[in-house]
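Read through the structure below, which is laid out as structure tokens, and then see the notes.
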Amino acid sequence: MTIEQIYHIYLQYSSIQTDTRKLQPNDIFFALKGDNFNGNEFAAKALEMGAAFAVVDEAAYYTQPDKMALVDNALETLQALALWHRKQLNIPFLAITGTNGKTTTKELVNAALSAGFKTFATIGNLNNHIGVPLTILAIKPDVQIAVIEMGASHQKEIASYCTIALPTHGIITNIGKAHLEGFGSEEGVRIAKGELYDYLRANNGTVFVCNDYPYLMEMSKGISHVVTYGSKDADYTGAPAADKALLGVEVASNNIGFIQTKLTGAYNFPNVMAAVAVASHFKVPAEKIGPAIAAYTPSNNRSQVMQQGTNTIIMDAYNANPSSMKAAIDNFVGIASPKKVLMLGAMMELGTDSIKEHEALVEQLQRHHWEAVVLVGGDFKKVNHPYIYLDTSAEAGKWLQQQQFQDTHILIKGSRSTGMEKVLA
């Protein structure tokens with residue numbers, strides 16, 4: 001069966017699922033494979049559960065020809081189907097990548113654009129080789145602008161996603177130290193994330209660049225259309241006010257004025273300004289941009305501020321790397337509070353740099369006074385430090401309960417695998 005034939009079936013149902021646990025009636029089921037599962041084994045069950053059609057890539061599971069397509073590779077077919085669908089959509093596609101802030105920037109941009117357009121953005125962080133095509137295939141004909149998040153842990157990943165999403169616009173939020181195991185070095189990260197700029201440079205695209213980061217300005221050279229944002233000398237400028245737990249931004253451009261966000265941290269200032277720049281570029285009415293950004297409420301343990309009694313919790317535990325850890329701690333230093341407690345989970349996927357980066361983090365912590373510091377798991381166990389060490393986030397949660405802090409600011413952050421959100425469980 002050709003991609004065009006599968007696309008004809010897709011148009012009749014236009015909802016794709018790869019997990020029978022999430023299957024809805026009339027979905028099309030794609031039998032993908034992973035290290036520990038084979039989706040082909042669930043294809044017949046998917047049809048029994050009400051799937052309209054199934055795409056398999058092993059002949060042994062091709063048992064209902066009238067409701068199945070047998071292809072060489074189900075994942076490649078999913079990606080090819082997404083590309084076919086993308087080519088039918090004559091709308092702006094904004095791709096967002098970077099080391100830190102991808103998801104937050106995507107959500108802010110989507111909120112700001114939604115004040116003027118019917119938009120569709122990546123749900124959650126479905127930003128990989130499966131998530132990108134699924135996102136594209138979820139875009140309906142009435143959508144006016146698409147916002148696609150792209151993550152990567154190896155070279156050529158972003159380039160491959162660009163060949164499916166065919167972005168017309170792009171943002172690299174920043175370049176920092178993350179996934180060094182896969183990228184090899186920070187320069188490797190720059191090359192990998194820069195694949196988005198490479199695509200847009202070659203295809204007459206538009207980029208939105210934070211000119212507070214000179215390396216991004218350098219990387220964007222040769223791109224025909226560059227829109228800048230930042231704290232000065234940019235197309236769209238503003239200034240952060242982050243001496244409190246919640247970030248406020250004074251936008252000097254486009255008569256937008258002050259935006260009181262529900263985000264924490266001056267490190268979110270570029271993310272807010274990216275949303276201002278994108279929405280302004282697409283002519284969203286200026287009076288709608290600020291309120292749309294102000295109304296965005298962070299979730300999923302990203303830059304969340306919450307109250308527990310007299311304590312203020314900064315929950316930023318979705319993930320962590322040396323760049324985001326440094327920014328979060330620097331921001332925490334600047335918050336006016338008599339008592340501050342840090343609960344930090346180890347950073348993962350740093351390869352041979354891991355011990356060095358954890359030692360650097362300890363050195364940063366030692367430059368300031370804290371009520372208490374708890375370090376959890378991973379390579380924190382292998383470095384010398386004067387702080388409390390615990391093996392798991394569950395242990396850290398028990399410790400926190402025992403302290404009975406009052407009028408305290410508490411920062412919780414760590415890599416995904418440390419599960420630092422369990423501190424509050």
Side-chain angles (χ1 to χ4, degrees), residues 94-106 108-109 149-152 155 158-159 162 167 169-180 183-242 247 249-254 263 265-278 280-281 321-331 333-334 350 353 356-357 360-361 364:
L94 170 64
I96 299 177
T97 191
T99 299
N100 298 312
K102 292 184 294 295
T103 301
T104 299
T105 299
K106 177 258 298 181
L108 289 166
V109 166
E149 181 180 333
M150 297 180 177
Q155 309 287 353
I158 299 297
C162 286
H169 299 71
I171 297 172
I172 298 177
T173 57
N174 49 59
I175 305 294
K177 298 175 180 178
H179 300 295
L180 297 181
F183 291 128
S185 65
E186 195 167 353
E187 173 64 14
V189 180
R190 186 193 68 80
I191 292 169
K193 303 298 185 180
E195 290 165 10
L196 175 58
Y197 280 179
D198 294 341
Y199 178 88
L200 292 167
R201 185 181 292 108
N203 290 277
N204 197 35
T206 297
V207 293
F208 300 91
V209 182
C210 180
N211 73 343
D212 291 343
Y213 301 137
Y215 60 86
L216 288 179
M217 296 300 295
E218 180 67 25
M219 288 169 62
S220 66
K221 285 183 176 177
I223 298 177
S224 300
H225 311 288
V226 178
V227 178
T228 57
Y229 59 91
S231 59
K232 60 181 180 180
D233 302 326
D235 296 317
Y236 300 95
T237 59
L247 169 69
V249 176
E250 184 67 47
V251 180
S253 307
N254 209 12
L263 297 158
Y267 53 84
N268 273 307
F269 166 71
N271 304 335
V272 171
M273 289 306 301
V276 168
V278 172
S280 299
H281 176 79
N321 55 58
S323 306
S324 67
M325 275 287 207
K326 181 179 186 304
I329 294 168
D330 284 345
N331 177 73
V333 169
L350 296 177
D353 287 340
K356 179 182 72 175
E357 294 296 347
L361 185 59
Q364 181 187 6

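Counting begins at 1 with the first residue of the sequence. As the structure is a computational prediction, the values presented were derived from the model and not from experiment. Basis for what follows: all heavy atoms, side chains included, without hydrogens, waters or symmetry-related copies.
- Two residues are said to be in side-chain contact when any heavy atoms from C-beta on lie closer than 4.5 Å; T173 and K193 fail this criterion.
- A side-chain donor from one of S280 and N254 sits under 3.5 Å from a side-chain acceptor of the other.
- Residues L361 and I329 are in side-chain contact: their nearest non-hydrogen atoms beyond the backbone lie under 4.5 Å apart.
- Between K221 and R201 the shortest side-chain heavy-atom distance does not fall below 4.5 Å.
- Separating the OH atom in Y229 from the CG atom in N271 is a distance of 7.5 Å, to the nearest 0.5 Å.
- Taken from CG in L216 to CG in N211, the straight-line distance is 9.5 Å, to the nearest 0.5 Å.
- Taking 4.5 Å as the limit, some side-chain heavy atom of V227 sits within range of a side-chain heavy atom of Y236.
- Listed here is the closest heavy atom pair of A274 and I171: CB-CD1, 4.3 Å.
- The nearest pair of heavy atoms linking I223 to G205 is CG2-O, 3.7 Å.
- C162 SG to E195 CD: the interatomic distance, rounded to the nearest 0.5 Å, is 8.0 Å.
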With side chain to side chain contact (heavy atoms under 4.5 Å, CB included) as the criterion, how do H169 and H281 come out once you've worked through the C-alpha distance, each side chain's angles and the decisive distance to 0.1 Å?
CA-CA 11 Å; H169 299 71; H281 176 79; 4.1 Å; yes

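- We find the CE-CD1 distance between M219 and I191 to be 9.0 Å, quoted to the nearest 0.5 Å.
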Let's go through T228 and M217 carefully: what are the C-alpha distance in whole Å and the side-chain angles of both, what is the deciding distance for side chain to side chain contact (heavy atoms under 4.5 Å, CB included) to 0.1 Å, and is it a yes or a no?
CA-CA 9 Å; T228 57; M217 296 300 295; 3.9 Å; yes

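- In this structure, the side chains of L94 and F208 come closer than 4.5 Å at one or more pairs of heavy atoms.
- Nearest heavy-atom pair, P322 versus E357, reported as atom, atom and distance to 0.1 Å: CB-OE1, 3.5 Å.
- A 4.5 Å side-chain heavy-atom check between L196 and P167 finds at least one atom pair inside the cut-off.
- Taking CG of N100 as the reference point, atom CG of N174 lies at 5.0 Å (rounded to 0.5 Å).
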Residue pair Y213, I172: steps toward the side chain to side chain contact (heavy atoms under 4.5 Å, CB included) verdict:
CA-CA 11 Å; Y213 301 137; I172 298 177; over 6 Å; no

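- Residue V276 is tested with V251, T237, L108, V109 for a side-chain contact (heavy atoms from CB on, under 4.5 Å); the sole match is V251.
- N204 has its side chain within reach of H225: a pair of non-hydrogen atoms, C-beta onward, lies under 4.5 Å apart.
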Start with the C-alpha gap between K102 and M150, add the side-chain angles, then the distance that decides, and say whether side chain to side chain contact (heavy atoms under 4.5 Å, CB included) holds.
CA-CA 8 Å; K102 292 184 294 295; M150 297 180 177; over 6 Å; no

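- A234 and G230 get closest at one heavy-atom pair: CB-N, 3.8 Å.
- The OG1 atom of T99 sits 12.0 Å away from atom CZ of R190, with the distance rounded to the nearest 0.5 Å.
- Residues I158 and Y199 fail the side-chain proximity criterion, which asks for heavy atoms closer than 4.5 Å.
- In this model, a donor atom of one side chain and an acceptor atom of the other lie less than 3.5 Å apart for D330 and Q364.
- Across every non-hydrogen atom of S220 and V226, the tightest pair is O-CG2, 4.2 Å.
- The heavy-atom pair separating D212 from P214 by the smallest distance is O-CD, 3.3 Å.
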